[in-house]
Amino acid sequence: MGELVAEVGCKSLTERQVVSVIYRILGTYCSQMYGLSSNGERAGRQNQNRHRIAMTTSTLLVFQNPLLPKPTRPAHSSIAGVQKGAASACIVCARSQDDDYHATIKALNSKGRFPRKSLGQHYMLNSEINDQLAAAAAVQEGDIVLEIGPGTGSLTNVLLNAGATVLAIEKDQHMVGLVRERFASIDQLKVLQEDFVKCHIRSHMLSLFERRKSSSGFAKVVANIPFNISTDVIKQLLPMGDIFSEVVLLLQEETALRLVEPSLRTSEYRPINIFVNFYSEPEYKFKVPRTNFFPQPKVDAAVVTFKLKQATDYPAVTSTKSFFSMVSSAFNGKRKMLRKSLQHLCTSLEIEKALGDVGLPATAAADYKFPITLPSTEYTLFMEHNLISYGSRQWFS
Ligand SMILES: C[S@@+](CC[C@H](N)C(=O)[O-])C[C@H]1O[C@@H](n2cnc3c(N)ncnc32)[C@H](O)[C@@H]1O
């Protein structure tokens, strides 16, 4: 930290440079902390203390430096609504431009918090990306939006400014407190302290619709979620086309590509791909480099939109449960031939016929690697069309 002071004290540094220096040091520091935190409780506590000191010192350096602007009170701010005694949270402003590195650090500091790896806490430092997330869902006045993991409330702020009513589900009680204080005067926001993976989102949404006295229309989901719960979130939300029209998620880039990019639907094709395409029309929107987060994750992220289908547009299967259990059987056992992995559902002959119908060899497996001569579309067709229609006709009716 001694080196940092010398750097910040140099008058020739621009604000951007100062912030960049501190940000990098903090980012590295946090990454190190993350790496060390598994070395036992004692080491963990020492690290927590060291980290707190680092954050406090850096924040002071940033905010006391005359080169940097003082945080301003926004025009549309929730500060007025923050209770007396909670002044430390005031720095978190309701103006989107303020949700940058400064505000994030200050907000975390106000609660004595540091980002927790177990909760996937990588906070967004770039308000423009929050704007783009909201734009990807075309959030507008009167919309009902579900946000998972509001954190410091930077995306929540953009959603509220767009005129949406927001239901935010946050697992970390400290972040819940922070967001509630920040937006205390705003009644279009409800913050629940729950684990999204375990919560009854359908009943929460229905009671929100009821309170808004809107029995028709759909809600939207816009969220920068922790990477480690992305599959759970997708599995929970995509079949809810009766509640949500759009689900816009910031995912790990690799996951985003695997879910959406058709050119990767070869040996990477998995039951989750069938699930995603069954319930939605996914689209890869744009990449979000890791440098936009604090602390910086080890991977880049990307925004994906899922346009949810209505039940009438789902592929015609007699029972979705049986269908997905068949899909999971088909993928069971790496390299296993479909003829074998589905033998408890139908005869080898039937499967060979289904494969033959789309020009695939009888030896095709669920994780079949495509020879150059065999376009992946044929296999996709088998999994998405033939397996569905053939399966529903032959096996489930
Ligand atoms: C990647 S951070 C994003 C924070 C904020 N939305 C932003 O963009 O800066 C993920 C947030 O989700 C919260 N979170 C983690 N696991 C969760 C869970 N199971 N249910 C709800 N929230 C969760 C974390 O506490 C954190 O605030």
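As the structure is a prediction and not an experimental result, all values here were calculated from the model. Along the sequence shown, the residues carry numbers beginning at 1.
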According to the salt bridge (charged side-chain N to carboxylate O under 4.0 Å, His left out) rule, which pairs have a member within residues 154-166, sequence neighbours left out?
-> none
What's in the same ILVMFWY side-chain cluster as F227, cut-off under 4.5 Å, chained through other members?
-> V299
Verdict with supporting geometry, E181 and K111, side-chain contact (heavy atoms from CB on, under 4.5 Å) = CA-CA 11 Å; E181 281 169 15; K111 293 277 170 203; 3.0 Å; yes
Going by atom type alone, with no hydrogens or angles, which donor-acceptor pairs under 3.5 Å involve a side-chain atom of residues 235-246 and a protein atom two or more places apart or on another chain?
residue : atom : partner : partner atom : Å
Q236    : NE2  : F196    : O            : 3.4
Q236    : NE2  : C199    : O            : 3.4
D242    : OD1  : R202    : NH2          : 3.2
D242    : OD2  : R202    : NH1          : 2.7
D242    : OD2  : R202    : NH2          : 3.4

Partners passing side chain to side chain contact (heavy atoms under 4.5 Å, CB included) against Q173 (at least two apart in sequence or in another chain) = Q193
Any salt bridge (charged side-chain N to carboxylate O under 4.0 Å, His left out) pairs touching residues 163-178, not counting sequence neighbours?
-> R113-D172, K171-D195
side-chain hydrogen bond (donor to acceptor under 3.5 Å, both in side chains) against E194, all qualifying residues, sequence neighbours excluded | H204
Tell me, which pairs form a side-chain hydrogen bond (donor to acceptor under 3.5 Å, both in side chains) where one or both residues lie in residues 138-148, sequence neighbours left out?
-> D143-K220, E147-T156
Of all pairs that satisfy side-chain hydrogen bond (donor to acceptor under 3.5 Å, both in side chains), the ones with a partner from residues 300-313, not counting sequence neighbours | K287-D300, R290-D300
For N224, the side chain to side chain contact (heavy atoms under 4.5 Å, CB included) test, sequence neighbours excluded, returns M124, L250, F293
Set of salt bridge (Lys or Arg N to Asp or Glu O under 4.0 Å) partners for E283, sequence neighbours left out | K285
Who passes ring-ring contact (aromatic ring centres under 6.0 Å, His included) against Y279, sequence neighbours left out?
-> F275, Y314, F324
